[in-house]
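Hydrogens, waters and symmetry mates play no part in the numbers below; they use all other heavy atoms, side chains included. Position 1 is the first residue of the sequence, and the numbers go up from there. Worth saying up front: this structure is predicted, and the values here are computed from it rather than measured.
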Amino acid sequence: DQHYPSLEIFVIDGGSTDNTVSILESYGDRIWWVSEKDNGQTDAINKGFRRCSGDILGFLNSDDYLLPGSLDQLAHVFENDEVQWITGDYQIIDQDGTPIQSFISVYKRILRKIHSRSLLLIVNFVNQPSTFWRKQLADQVGEFNESLHYVMDYEYWLRAYEVCLPKIINRPLSAFRIHDESKGGGEFVQQFKEEIQVAKQYTRNPVLHVLHQIHSSIIIAFYKIIK
């Protein structure tokens, strides 16, 4: 449903014992895939990107998907040679695909309108499944940090911001799924703890540290209420 023909699709599976492999095999040579034990999610992401030869990169975690036509729209925006990376809006859905928590999407949309690296050091407003970047930017930024378990994407955005600002798209490009077994749904306390540690590595400004801590504490408390 992307209406864009020139794609490389790589699936990096950590050695699933269900019917994942048979599903992957059913696609024949339309995709490249590997199913083997790895050193975690970040290792798998880097493993996939090392094989990519395309000009534009992006990744989806196993729970998420792109909305129809997203890649076609991105391709048109990337026709501007000055655009190095793009981040767009997203829908939050539950395990059944029903849209939820629309107010969070609205909140992040507002933050992206006033985006800056300083603001990113307080709150992560970049939606991972709706973010894409040029391979030449990846060559400058490097690989994802494999020591991180939850916020490897957040740390990557901070490095990308040091190179250039992203192009903001207000249209939803992806659906981000939250459920009890997902990291974002069941391990959000650990996620925010790691996020604060990363932010402190990228700024010595104590005001930004405090603001990030306050914001994270409010969000954690809010998540506990709505769960």
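Considering all non-hydrogen atoms of both residues, S35 and S16 come closest at OG-N, 3.8 Å. Shown here for C164 and Q84, the closest heavy-atom pair between the two residues is SG-CB, 3.5 Å. Contact record, F132 with G58: CD2-CA, 3.7 Å, taken as the closest heavy-atom pair. Taking each heavy atom of A44 and D38 in turn, the nearest pair found is CB-OD2, 3.6 Å. The two residues F192 and S216 make their nearest non-hydrogen contact at CD2-OG, 3.7 Å. The two atoms that bring V141 and A160 nearest to each other are CG2-CA, 3.9 Å, heavy atoms only.
Proximity of a side-chain donor or acceptor of Q101 to a complementary backbone N or O of I92 within less than 3.5 Å is not detected. Put simply, the side chain of Q128 gets close to the backbone of F59: a donor and an acceptor are under 3.5 Å apart. For the pair Q95 (side chain) and R177 (backbone), a donor-acceptor distance under 3.5 Å is absent. With Q91 contributing its side chain and P172 its backbone, the two residues share no donor-acceptor pair below 3.5 Å. Under a 3.5 Å cut-off, the side chain of Y156 and the backbone N or O of N145 do not form any donor-acceptor pair. Looking at T131, its side chain never comes within 3.5 Å of a backbone N or O of T87 through a donor-acceptor pair. Under the 3.5 Å distance criterion, the side-chain polar atoms of R134 are left unmatched by any main-chain donor or acceptor of I56. Listed for the N61 side chain is no donor-acceptor partner under 3.5 Å among the backbone atoms of D63. For the pair H3 (side chain) and Q73 (backbone), a donor-acceptor distance under 3.5 Å is absent. Y154 places a side-chain N or O within donor-acceptor distance of the main-chain N or O of L120, the cut-off being under 3.5 Å.
Environment of CG in D1: sparse, with no more than 12 heavy atoms of neighbouring residues, nucleotides or ligands closer than 6.0 Å. Summarising the local packing, CZ of R204 is surrounded by 12 or fewer heavy atoms from other residues, nucleotides or ligands at distances under 6.0 Å. No more than 12 heavy atoms of other residues, nucleotides or ligands lie within 6.0 Å of CG in D55, so this atom counts as exposed by the packing criterion. Annotation for K47: atom NZ counts as buried by contact number, over 12 foreign heavy atoms lying within 6.0 Å.
Side-chain heavy atoms closer than 4.5 Å link hydrophobic residues (I, L, V, M, F, W, Y) into clusters, and following such links, possibly through other members, connects L60 to L71. Put simply, W33 and I9 are part of the same group of oily side chains (I, L, V, M, F, W, Y) that touch within less than 4.5 Å, one to the next. Under the 4.5 Å side-chain contact rule for hydrophobic residues, V106 and L111 do not share a cluster. Cluster membership check: I86 does not share its hydrophobic cluster with L137, using side-chain heavy-atom separations under 4.5 Å among Ile, Leu, Val, Met, Phe, Trp and Tyr. Using a 4.5 Å cut-off between side-chain heavy atoms of Ile, Leu, Val, Met, Phe, Trp and Tyr, with links allowed through other members, L208 and V151 fall into the same hydrophobic cluster.
Between the side chains of T98 and D96, not a single donor N or O lies within less than 3.5 Å of an accepting N or O. In the model, E146 has no side-chain atom that pairs as donor or acceptor with a side-chain atom of N39 under 3.5 Å. For the residue pair Y202 and E155, a side-chain donor N or O sits within less than 3.5 Å of a side-chain acceptor on the partner.
Each of N170, N127, L119 was checked for a side chain to side chain contact (heavy atoms under 4.5 Å, CB included) with R112, and the lone residue meeting it is N127. The one candidate from W85, W157, F78 that meets the ring pair (Phe, Tyr, Trp, His ring centres under 6.0 Å) condition with W133 is W157. Applying the side-chain hydrogen bond (donor to acceptor under 3.5 Å, both in side chains) test between E195 and each of H215, H212, K200, Q190 identifies H212 as the sole match.
With a 4.5 Å cut-off on side-chain heavy atoms, Y161 and P166 count as touching. Inter-residue side-chain proximity for D89 and I169 is flagged as unmet; no heavy-atom pair is nearer than 4.5 Å.
Between the CZ atom in F144 and the CE atom in M152 there is a gap of 8.5 Å [rounded to 0.5 Å]. Annotation: the span from I114 atom CD1 to I168 atom CD1 amounts to 11.5 Å, rounded to 0.5 Å. Taken to the nearest 0.5 Å, the OG1 atom of T42 stands 6.5 Å off from the CG atom of L148. Note: Y223 OH to I218 CD1 = 13.0 Å, rounded to the nearest 0.5 Å. In this structure, CD in E79 is found 11.5 Å from CG in L74, a value given to the nearest 0.5 Å. For the atom pair CG (L121) and CD1 (I196), the distance works out to 12.5 Å, reported to the nearest 0.5 Å.
When the salt bridge (charged side-chain N to carboxylate O under 4.0 Å, His left out) test is applied to K135, the partners found at least two apart in sequence or on another chain are D139.
Taking the six-membered ring for Trp, F103 and F222 have ring centres closer than 6.0 Å.
A salt bridge does not link R51 to E8: none of the charged side-chain nitrogens sits closer than 4.0 Å to a carboxylate oxygen.
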